[in-house]
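Take a look at the structure set out below.
Chain letters run A, B, ... following the sequence lines, proteins first and then strands; every chain starts at 1. Since we're looking at a predicted model, the values are computed, not measured.
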2 protein chains.
Amino acid sequence: MSDALSAIKRFSRYQSDDAQSGEPVHCPVRDVLDRIGDKWSILMIMTLATRPQRFSELHRAIRDISKRMLTQTLRDLERDGLITRHVFPTKPPSVEYCLSPLGHSLLEPMASLIDWADRRHSDIHAARVRFDGAPCDVPHS
Amino acid sequence: MSDALSAIKRFSRYQSDDAQSGEPVHCPVRDVLDRIGDKWSILMIMTLATRPQRFSELHRAIRDISKRMLTQTLRDLERDGLITRHVFPTKPPSVEYCLSPLGHSLLEPMASLIDWADRRHSDIHAARVRFDGAPCDVPHS
DNA sequence: AGGGTAGGTCTCATATAAAGACCTCAGACC
DNA sequence: GGTCTGAGGTCTTTATATGAGACCTACCCT
């Protein structure tokens, strides 16, 4: 817990430094979290955690991603140095994506989030049902 | 690490179960992560981690959020049971938001992510500069 | 009467994501 | 030799998310 609080305090410091100084908010933590917080990045990294995979394998593993978003997410992750891309000059060429050491280092913190989500999702679902069913307990207006 | 891998395997199982069965992908972990993975939720929870705060305090702490998104994010978090909302019948009424126990339980996993982001953001920044500066090392076409 | 504060809502514009058609190249099929 | 499939994408169009900022109610202060 003290661990958690110290990270949060560091984070808050970035935030408030920005809030007091000039206009543009530039918190490095937000910068990183905004990037991997998109719809597919976490899923992609988790899918590559088990083994390196090719474009089409990834597309089959994550059926509901479009090719466009698959390409774009892979490019963004490559740009951030979280995955690496190898082109094999076969005919037709095949491309393999795999986690870099940096990407690998993300697995542990991400796993703790996933663990939380897995353990608490029933609580969250219950809260949603409660909220939607009784929208007048605490009127908003 | 074995901890991390077990969470990832559980997650992959959800994914592949969905991939094999009927059409709609419904992985509870993705459901939860997609929600808190939006632009402001993590920031909001972190801001409320230090103490309960009122609408205007939150707006001052997170300067670059619009009132519209502030309201919406708070509603969504309340709906998911992560924060609670108390209206004090002062004149004019004041509204205080604070973390629920469920929201509080999210702090620790989230802090480990923040800690990662904080430690690795310079690596990520360096990777971006490298990628943007040398886009022809591994041609994409 | 004018302005400030608190906690919002509303409308409209833009930025980002997604769906899905299309493309190239090669080998296998018949 | 026509066409089918598969890999690894790109391009165009449409949907959704976010943002800016005007407005609202009710009260207090000057």
Side-chain angles (χ1 to χ4, degrees), chain A residues 23-25 30-31 33-44 47-48 52-80 83-98 135-136 138-141, chain B residues 23-25 30-31 33-44 47-48 52-80 83-98 135-136 138-141:
Chain A
E23 288 306 314
V25 173
R30 277 178 65 182
D31 187 40
L33 293 187
D34 283 354
R35 260 300 346 279
I36 65 166
D38 67 5
K39 187 164 182 183
W40 303 109
S41 291
I42 292 187
L43 194 52
M44 196 72 65
T47 304
L48 286 173
Q53 286 179 70
R54 292 171 50 185
F55 188 88
S56 306
E57 288 180 284
L58 289 168
H59 201 183
R60 277 189 291 271
I62 309 173
R63 281 181 314 112
D64 55 342
I65 192 174
S66 66
K67 284 180 175 188
R68 191 186 169 285
M69 289 313 293
L70 180 54
T71 302
Q72 185 178 311
T73 304
L74 288 168
R75 286 285 179 285
D76 288 344
L77 292 175
E78 185 193 2
R79 183 169 109 96
D80 285 357
I83 66 176
T84 57
R85 180 180 188 268
H86 297 288
V87 180
F88 297 101
T90 56
K91 304 274 184 141
S94 57
V95 181
E96 189 180 77
Y97 296 92
C98 72
C136 297
V138 180
H140 285 156
S141 56
Chain B
E23 287 310 310
V25 172
R30 280 178 65 182
D31 186 41
L33 293 187
D34 283 352
R35 258 302 344 281
I36 67 167
D38 67 5
K39 189 164 181 180
W40 303 111
S41 291
I42 291 186
L43 194 52
M44 195 73 65
T47 305
L48 286 173
Q53 286 180 68
R54 290 168 54 182
F55 188 89
S56 308
E57 288 181 284
L58 289 169
H59 202 184
R60 277 189 293 270
I62 309 174
R63 281 179 317 112
D64 55 341
I65 191 175
S66 63
K67 282 183 175 186
R68 190 183 169 287
M69 287 314 292
L70 181 53
T71 303
Q72 185 178 311
T73 304
L74 288 167
R75 287 285 180 284
D76 288 344
L77 292 175
E78 186 193 1
R79 183 169 108 96
D80 284 356
I83 65 177
T84 56
R85 180 180 187 267
H86 296 288
V87 180
F88 296 102
T90 57
K91 303 279 184 131
S94 56
V95 180
E96 191 180 75
Y97 294 92
C98 71
C136 298
V138 181
H140 285 154
S141 55

>> Please verify the inter-ring angle class for A/H86 with A/F88; under 30° counts as parallel, over 60° as perpendicular, anything in between as tilted.
In response: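 A/H86 vs A/F88 ring planes: tilted.
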[X] side chain N/O closer than 4.0 Å to the phosphate oxygens (OP1, OP2) of [N]?
| X | N | answer |
| --- | --- | --- |
| B/T71 | C/dG8 | no |
| A/R60 | D/dG6 | no |
| B/R54 | C/dA6 | no |
| B/Y97 | C/dG8 | yes |

For nucleotides 25-28 of chain D, print each protein N/O atom paired with a nucleotide N/O atom at under 3.5 Å, atom names and distance only.
from, atom 1, to, atom 2, distance (Å)
D/dC27, OP1, B/K91, NZ, 3.3

Rounded off to whole Å, could you give me the [atom1]-to-[atom2] distance for the [X] and [N] pair?
| X | N | atom1 | atom2 | answer |
| --- | --- | --- | --- | --- |
| A/R63 | C/dA18 | CZ | P | 16 Å |
| B/L58 | C/dT5 | CG | P | 18 Å |
| B/F55 | D/dC24 | CZ | C1' | 14 Å |
| A/R75 | C/dA17 | CZ | C1' | 17 Å |
| A/H86 | D/dG8 | NE2 | C1' | 17 Å |
| A/Q53 | D/dG8 | CD | C1' | 16 Å |
| B/E57 | C/dG8 | CD | P | 13 Å |
| A/H59 | C/dA18 | NE2 | P | 12 Å |

Could you measure the distance from the [atom1] atom of [X] to the [atom2] atom of [Y]? Nearest 0.5 Å is fine.
| X | Y | atom1 | atom2 | result |
| --- | --- | --- | --- | --- |
| B/L43 | B/T47 | CG | OG1 | 4.5 Å |
| B/I83 | B/M44 | CD1 | CE | 7.5 Å |
| B/R75 | B/L70 | CZ | CG | 9.5 Å |

> Any idea which heavy atoms bring B/D64 and B/W40 closest together, and the distance?
Replying inline: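 Result for this residue pair: O-CH2, 3.4 Å.
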> Which pair of heavy atoms, one from B/S66 and one from B/H59, lies closest together, and at what distance?
Replying inline: C-NE2, 4.4 Å
Provide a list of protein-nucleic acid N or O atom pairs under 3.5 angstrom, restricted to nucleotides 13-21 of chain D.
from, atom 1, to, atom 2, distance (Å)
D/dG19, OP1, B/K39, NZ, 2.7
D/dG19, OP2, B/W40, NE1, 2.9
D/dG19, O6, B/R68, NE, 3.4

> Under 4.5 Å between any side-chain heavy atoms of B/T71 and B/F55, yes or no?
Replying inline: yes
>> Under a 3.5 Å distance rule, please check whether A/S41 uses its side chain to pair with a backbone N or O of A/G37 as donor and acceptor.
In response: no
>> Test your reading of the model: is there a side-chain donor-acceptor pair from B/E78 to the backbone of B/R85, 3.5 Å cut-off?
In response: no
